[in-house]
Peer 1: 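Below are the structure tokens for one structure; questions will follow.
Just so it is clear, the structure is predicted and the values come from calculations on it, not from any experiment. Chain letters run A, B, ... following the sequence lines, proteins first and then strands; every chain starts at 1.
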There are 2 protein chains.
Amino acid sequence: MKIPEKTVRRLSLYYRCLYFLSQQGAYNLSSKSLADLLELEPAQVRKDLSYFGQFGKKGKGYDVLELKNEIAKILGLEKGRKVAIIGIGNLGNALLSFKGFEVLGFQVVAIFDNSPNKIGKKYHGKICQDISAFPAIVRREKIDIAILTVPTESAQEVARLVSNSGIKAILNFAPAHLNVPKGVAVSNIDLAVELKSLSYFAGQKQ
Amino acid sequence: MKIPEKTVRRLSLYYRCLYFLSQQGAYNLSSKSLADLLELEPAQVRKDLSYFGQFGKKGKGYDVLELKNEIAKILGLEKGRKVAIIGIGNLGNALLSFKGFEVLGFQVVAIFDNSPNKIGKKYHGKICQDISAFPAIVRREKIDIAILTVPTESAQEVARLVSNSGIKAILNFAPAHLNVPKGVAVSNIDLAVELKSLSYFAGQKQ
DNA sequence: CTTCATATGTGAAAATATTCACATAATTTT
DNA sequence: AAAATTATGTGAATATTTTCACATATGAAG
Ligand SMILES: NC(=O)c1ccc[n+]([C@@H]2O[C@H](COP(=O)([O-])OP(=O)(O)OC[C@H]3O[C@@H](n4cnc5c(N)ncnc54)[C@H](O)[C@@H]3O)[C@@H](O)[C@H]2O)c1
Ligand SMILES: NC(=O)c1ccc[n+]([C@@H]2O[C@H](COP(=O)([O-])OP(=O)(O)OC[C@H]3O[C@@H](n4cnc5c(N)ncnc54)[C@H](O)[C@@H]3O)[C@@H](O)[C@H]2O)c1
């Protein structure tokens with residue numbers, strides 16, 4: 001069955017709530033209380049979960065830890081995902097400095113650039129590899145996701161290289177539409193789209 | 001009439017294509033050629049635009065420059081939007097170093113933090129202000145959009161301050177759901193959601 | 001001038017996504 | 001032990017979004 005993309009995105013949000021609730025010692029919650037935390041409808045939560053199975057108990061709700069683990073399984077997070085960052089400039093370095101990856105269950109196992117000034121140097125404890133070594137390192141390290149923080153002009157070219165190396169998921173920060181083969185998932189984090197949409201919703205300037 | 005949020009987001013993408021096409025000297029395009037650039041349907045492009053008016057010519061298509069300007073008007077970009085960055089840590093600094101804001105038609109007019117180590121110091125040519133001065137500076141500078149790059153624990157508190165200062169749009173990088181008054185638009189750029197969704201779409205690990 | 005090709009704008013239809021509402025079951029109260 | 005309360009899971013209903021399909025207009029070719 002085809003799962004709506006929005007459902008998958010909400011599962012990530014549910015996971016985060018469950019993670020914090022479990023840390024706070026909560027052991028049970030209802031679809032209503034989860035929905036309230038995220039300003040959603042309870043039916044939405046139940047429907048989303050129902051695509052994947054029956055995780056709750058009538059009259060009781062869901063076991064926090066159990067549901068968290070079920071969602072981790074659905075999202076493929078149990079074993080930890082391996083990530084590469086390509087393009088070690090401003091943004092690439094900010095991401096590298098980000099302590100949150102491990103908490104998220106992701107591990108940055110390799111970093112790449114094409115600049116002779118950067119290849120071989122250490123950034124946040126990791127040696128920057130030559131982008132041309134990418135296909136070999138992907139195979140060796142079993143990398144799951146490539147994060148692209150390269151200039152816009154290079155993004156398509158790098159996306160092609162990445163796709164041809166067998167990577168099935170790309171997180172792209174460059175403001176460009178990437179053409180990739182079917183079967184490769186691309187998420188775009190696009191500052192321009194966000195700012196311009198906000199500009200619209202903030203209303204016309206008086 | 002209520003405009004779908006997805007339509008607004010696509011308008012930003014159309015704008016970017018039109019911007020590049022105009023730079024390349026193109027003066028006319030069809031809904032089909034615009035759609036092809038973004039892997040969309042031509043009817044989608046036309047429907048999106050039709051919410052706001054009639055910008056094309058039958059048998060001819062759209063004038064690139066004219067359509068670009070119309071979309072700028074729709075999105076409220078003509079005059080330039082003023083932006084503040086709150087939280088001058090790793091991510092805030094990466095954003096500050098980002099040259100793209102001006103090209104996008106956005107101007108970072110003030111930056112804020114609450115750390116005595118940062119207040120008063122210069123970052124990328126801008127003096128970091130005390131967050132407690134935010135309401136006054138918003139009014140003085142007529143800031144439109146607040147970008148939040150504060151730690152997750154502070155995000156809700158800062159969002160409240162920002163909303164109470166009359167800001168109508170927030171771009172939030174903290175992995176937290178922000179409760180804000182009606183009429184305030186929030187966009188979340190959420191690395192965790194993107195990575196976890198990609199993890200799902202990349203398939204279960206074998 | 002007429003015909004042909006092109007491409008918009010938009011109601012209608014189809015596809016998707018959300019919400020309702022209720023049968024069902026577990027738990028708590030009396 | 002019965003009644004009342006709570007809350008799931010899910011078909012059906014509703015709402016939203018996308019796509020179709022065509023009347024209509026424009027420009028080019030003959
Ligand atoms: N800096 C930001 O805050 C920010 C915000 C939003 C979006 N972005 C986008 O993110 C991307 C990167 O931005 P940045 O400011 O970090 O740029 P940057 O110029 O600082 O860094 C880009 C890095 O990519 C490397 N690179 C170039 N071509 C490459 C290739 N073919 N293979 C491997 N590496 C290559 C460069 O050597 C450089 O180190 C851009 O597309 C930008 O528009 C940046
Ligand atoms: N660094 C990244 O690459 C990255 C990636 C994705 C998401 N994020 C998220 O972005 C946020 C910021 O990340 P970071 O790595 O830049 O953190 P950071 O700790 O480097 O910076 C946070 C800054 O916010 C300031 N701050 C704290 N409370 C404040 C308040 N009440 N008012 C004003 N300023 C305040 C701190 O003094 C600090 O300078 C976090 O929520 C993080 O999860 C960061």
Peer 1: Could you tell me the separation between the CD atom of B:Gln54 and the P atom of D:dT26, rounded to a whole number of Å?
Peer 2: 11 Å

Peer 1: Taking the basic N atoms (NZ, or NE/NH1/NH2) and the acidic carboxylate oxygens, is any pair closer than 4.0 Å for A:Arg9 and B:Asp190?
Peer 2: no

Peer 1: How long is the line joining NZ of B:Lys2 and P of D:dT18, in whole Å?
Peer 2: 11 Å

Peer 1: Which of residues 178-190 of chain B sit near DNA chain C, with a heavy atom under 4.0 Å from it?
Peer 2: none

Peer 1: To the nearest 0.5 Å, what is the distance between NZ on B:Lys32 and CZ on B:Arg46?
Peer 2: 11.0 Å

Peer 1: Between D:dG27 atom P and B:Asp63 atom CG, what is the distance in whole Å?
Peer 2: 13 Å

Peer 1: Between A:Phe101 and A:Phe98, what is the ring plane arrangement, given parallel below 30°, perpendicular above 60°, and tilted in between?
Peer 2: perpendicular

Peer 1: Hey, does the side chain of B:Thr149 reach the backbone of B:Gly87 with a donor-acceptor pair shorter than 3.5 angstrom?
Peer 2: yes

Peer 1: So does A:Val150 get a backbone contact from the side chain of A:Ser154, meaning a donor-acceptor N/O pair under 3.5 Å?
Peer 2: no

Peer 1: Can you tell me if B:Tyr62 touches the phosphate of C:dT6, counting only side-chain N or O atoms and a distance under 4.0 Å to OP1 or OP2?
Peer 2: no

Peer 1: Where the side chain of B:Gln156 meets the backbone of B:Asn179, is there a donor-acceptor pair that is under 3.5 Å apart?
Peer 2: yes

Peer 1: Which value, rounded to the nearest 0.5 Å, describes the distance between A:Leu67 atom CG and A:Leu34 atom CG?
Peer 2: 7.5 Å

Peer 1: Check for a donor-acceptor pair, side chain of B:Arg10 on one end and backbone N or O of B:Val45 on the other, with a separation under 3.5 Å.
Peer 2: no

Peer 1: Roughly how many Å is it from CE in B:Met1 to P in D:dA15, rounded to a whole number?
Peer 2: 15 Å

Peer 1: When you measure from the side-chain N and O atoms of A:Arg46 to the phosphate of D:dG9, is any distance below 4.0 Å, counting only OP1 and OP2?
Peer 2: no

Peer 1: Need one value for B:Lys47: base, sugar-phosphate or nothing, where a base atom within 4.0 Å counts as base even if backbone is also close, heavy atoms only.
Peer 2: base

Peer 1: Rounded to the nearest angstrom, tell me the gap between atom CG in B:Leu49 and atom P in C:dA7.
Peer 2: 16 Å

Peer 1: Check this for me: does any side-chain nitrogen of one of A:Arg81 and A:Asp144 sit under 4.0 Å from a carboxylate oxygen of the other?
Peer 2: yes

Peer 1: Is the phosphate of D:dT17, meaning OP1 or OP2, less than 4.0 Å from a side-chain N or O of B:Arg9?
Peer 2: no

Peer 1: Using a strict heavy-atom distance below 4.0 Å, which residues from residues 19-44 of chain A are in contact with DNA chain D?
Peer 2: A:Ser30, A:Ser31

Peer 1: Whether the side chain of A:Ser165 engages the backbone of A:Phe134 through a donor-acceptor N/O pair (distance < 3.5 Å, no angle test) should be reported.
Peer 2: no

Peer 1: Starting at atom CZ of B:Arg10, determine the distance to atom P of D:dT17, rounded to an integer number of angstrom.
Peer 2: 9 Å

Peer 1: Roughly, in whole Å, what's the span from CZ in B:Phe52 to C1' in C:dT10?
Peer 2: 16 Å

Peer 1: If the sugar-phosphate is the primed atoms plus P, OP1 and OP2 and the base is the rest, what is the B/S/- string for nucleotides 25-30 of chain C, using protein heavy atoms under 4.0 Å?
Peer 2: BSS---

Peer 1: Hey, which sits more toward the 5' end of DNA chain C by its nearest nucleotide, A:Thr7 or B:Gly61?
Peer 2: B:Gly61

Peer 1: Please report, rounded to the nearest Å, how far the P atom of C:dT8 is from the CD atom of B:Glu70.
Peer 2: 16 Å

Peer 1: Begin with the C-alpha distance, continue with both residues' side-chain angles, and end with the deciding distance and a verdict on side-chain hydrogen bond (donor to acceptor under 3.5 Å, both in side chains) for A:Asp113 and A:Ser115.
Peer 2: CA-CA 6 Å; A:Asp113 208 291; A:Ser115 162; 4.7 Å; no

Peer 1: Between B:Lys47 and B:Glu41, does the salt bridge (Lys or Arg N to Asp or Glu O under 4.0 Å) criterion hold? Intermediate values first, please.
Peer 2: CA-CA 10 Å; B:Lys47 177 68 82 178; B:Glu41 294 299 316; over 6 Å; no

